[in-house]
Amino acid sequence: MIFRQLFDSVSGTYTYLLASRRGGEALIIDPVLEKVDRYLQLVEELDLKLVKAADTHLHADHITGLGALRDRTQCITVMGEKSKVDVVSLRIAEGDKLKVEGVSLNVLYTPGHTDDSYSFLMGDRVFTGDTLLIRGTGRTDFQNGDARAQYDSIFGKLLKLPDDTLVFPAHDYKGDTVSTIGEEKRFNPRLQVKSVDEYVELMSKLNLPNPKLMDVAVPANMHVGLQQEEIAKRGWALSPADAVKLLGRPDIALVDLREESERQKHGTIPGSLHAPYGDLVRNVRPGGRLHALAHNQEKRIVFYCAFGERSAMAVQAAQDAGLLTARHIAGGMDAWKKASGPTQP
Ligand SMILES: [Fe+2]
């Protein structure tokens with residue numbers, strides 16, 4: 001197991017890099033834009049392949065590294081389904097699993113600090129974002145924060161974990177790096193309350209100044225979506241309405257890039273093939289499944305995913321591999337459903 005806790009001293013942010021082995025797939029949690037070079041250097045030094053970058057919530061104190069990491073590694077950007085961020089590749093919800101090869105995190109919806117706050121549980125440790133900090137809790141006075149919801153998230157979910165569960169937060173300003181659930185239960189001053197009302201009262205009296213970067217970071221973090229216009233300008237994008245007309249045509253191969261769990265939850269386009277984004281590079285190069293489909297069977301490949309982000313990157317990769325007729329459905333399954341495109345379970 002590779003587990004690295006990285007620190008941004010400007011914002012006091014902890015970023016976590018996880019992988020099951022050298023040479024394997026990696027996941028990064030809460031990356032900071034200014035540190036992207038450092039993360040990628042470490043990824044290379046450890047011989048990892050970064051495949052997913054997730055934020056626990058929309059940050060107000062630093063600009064996320066999600067967009068930059070995606071642009072530089074073609075990794076999948078991940079946030080919770082409650083997030084109002086314009087586009088991420090993959091949205092997760094309570095009960096989902098956030099997975100890369102050999103690593104599986106259980107997703108917990110833990111609102112309160114913001115309404116899009118999630119925690120990720122991995123065996124003996126939990127990544128609590130800004131919901132539960134070491135001897136503190138995330139403020140609840142902006143970004144749809146709600147002290148009552150936070151009390152429920154902490155007391156109803158996080159503190160129900162075994163006492164020896166390690167707590168890895170998204171921030172610390174005092175130099176602490178890790179705690180445990182048992183330790184926080186006993187020594188976190190914010191948690192020594194007898195009722196939800198007492199907690200709400202406590203949180204309402206903090207009178208904290210706004211984060212220095214808030215007016216810059218929040219708008220920037222709302223827009224991390226890949227610029228799909230460039231793909232459209234080259235004529236590689238189909239609107240859902242255009243794509244509907246291609247359904248059932250023998251010269252078309254619709255290819256679903258999503259993960260199995262997304263397919264089960266949101267349905268698929270009838271007649272489409274499944275070729276997960278993680279296998280894309282292998283699939284489009286000579287000898288690969290999609291390469292054969294395009295060249296030997298002369299099919300035009302039309303990629304789709306959840307929101308059009310993975311499929312836009314896939315079109316580029318397919319074009320680079322010489323599959324010049326490859327296209328994608330702009331906006332993905334989300335846009336497809338809004339345009340009343342047919343789906344099947
Ligand atoms: Fe935060």
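Along the sequence shown, residues are numbered consecutively beginning with 1. When a ligand or atom number is given, it counts from 1 through the structure's own listing order.
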Side chains of T56 and D30: any donor to acceptor distance under 3.5 Å? yes
At a threshold of 2.8 Å, where the distance has to be below it, does the Fe ion (ligand 1) have an N, O or S atom of D130 nearby? yes
If I take every N, O or S atom of H113, is at least one of them less than 2.8 Å from the Fe ion (ligand 1)? yes
Report yes or no: is the cationic atom of R91 (NZ for Lys, CZ for Arg) closer than 6.0 Å to the six-membered ring centre of F307, at no more than 45° off its axis? yes
Is the positively charged end of R310 above the ring of Y304, judged by distance under 6.0 angstrom from the centroid and angle within 45° of the axis? no
Look at the N, O or S atoms of H59, main chain and side chain alike, and state whether any lies under 2.8 Å from the Fe ion (ligand 1). no
Closest non-hydrogen atom pair between I134 and V178, with its separation: CD1-N, 3.4 Å
